[in-house]
Amino acid sequence: MPEPTRDTALDQLARAAYSLSAADSRLRGRATRTPGALSLTHARALRVLAEEGPLPVGRLAAATETTGAATTQLVNGLAAAGYVTRERPAADKRSVLVALTDAGRRRHHERQVGLARALDSALARHDTAALDTATDVLRQLAAIYDQL
């Protein structure tokens, strides 16, 4: 078979990116209907809190790459699921710190283990260099989406 042209390869990449976006939308839908399901945004928030500890809502918004209003809704959902708490620091009654609960820490760990297994299985035929290239491409796509 002839080698695909660069235009064809870029078109296939764009189509794959649309498919990834659609899969994210389906995941967000499941997360709103299925107890215990986590959207990518929920999972990002749990990961950030597991790595950085309690954070004010504004810093959590920046770390999860969402708006303050979206983060407030996100925290509401995570709190309702028992994964986070909101605390007012004694020194600053105006701010709110969001912290993981033990259940949130367990759910984050389960999600990370499941994701690692799924990635390892699905991408077993790709070496480290290919995975590094894929990481770079995904980051470039995110930058492109931010420009659109």
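All values below were derived from every heavy atom in this structure, side-chain atoms included, with hydrogens, water molecules and symmetry-related copies excluded.
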Verify the neighbour count for atom [atom1] of [X]: are there more than 12 heavy atoms of other residues, nucleotides or ligands below 6.0 Å?
X: Tyr145; atom1: OH; answer: yes
X: His109; atom1: NE2; answer: no
X: Asp136; atom1: CG; answer: yes
X: Gln112; atom1: CD; answer: yes
X: Arg111; atom1: CZ; answer: yes

If you measure from [atom1] on [X] to [atom2] on [Y], what distance do you get to the nearest 0.5 Å?
X: Asp120; Y: Leu131; atom1: CG; atom2: CG; answer: 9.5 Å
X: Leu13; Y: Gln140; atom1: CG; atom2: CD; answer: 11.0 Å
X: Ser25; Y: Leu40; atom1: OG; atom2: CG; answer: 10.0 Å
X: Ser95; Y: Glu87; atom1: OG; atom2: CD; answer: 11.0 Å

Closest heavy-atom contact between Ala103 and Gly82?
CB-O, 3.7 Å
Minimum heavy-atom distance between Val98 and Val84, given as atom pair plus value:
CG1-CB, 3.9 Å
Single-linkage hydrophobic cluster [X]~[Y], side-chain heavy atoms < 4.5 angstrom:
X: Val57; Y: Tyr83; result: yes
X: Val75; Y: Leu97; result: no
X: Leu20; Y: Leu119; result: no

Is the shortest heavy-atom distance from the side chain of Leu78 to the side chain of His42 under 4.5 Å?
yes
Decide yes or no for Leu138 and Thr135: does some side-chain heavy atom of the first lie under 4.5 Å from some side-chain heavy atom of the second?
no
Residues Thr101 and Thr85: side-chain donor-acceptor under 3.5 angstrom
no
Output yes when a side-chain donor or acceptor of [X] lies under 3.5 Å from a complementary backbone atom of [Y], and no otherwise.
X: Ser19; Y: Arg15; answer: yes
X: Thr66; Y: Ala62; answer: no
X: Thr71; Y: Thr67; answer: yes

Taking salt bridge (charged side-chain N to carboxylate O under 4.0 Å, His left out) as the definition, give me every residue that meets it alongside Glu110, ordered by chain and number, with sequence neighbours left out.
Arg107
Can you tell which of Leu49, Leu74, Thr64, Leu38 makes a side chain to side chain contact (heavy atoms under 4.5 Å, CB included) with Arg44?
Thr64
Salt bridge (charged side-chain N to carboxylate O under 4.0 Å, His left out) for Arg28 and Asp24? Distances and angles first, verdict last.
CA-CA 6 Å; Arg28 275 184 280 133; Asp24 176 49; 3.4 Å; yes
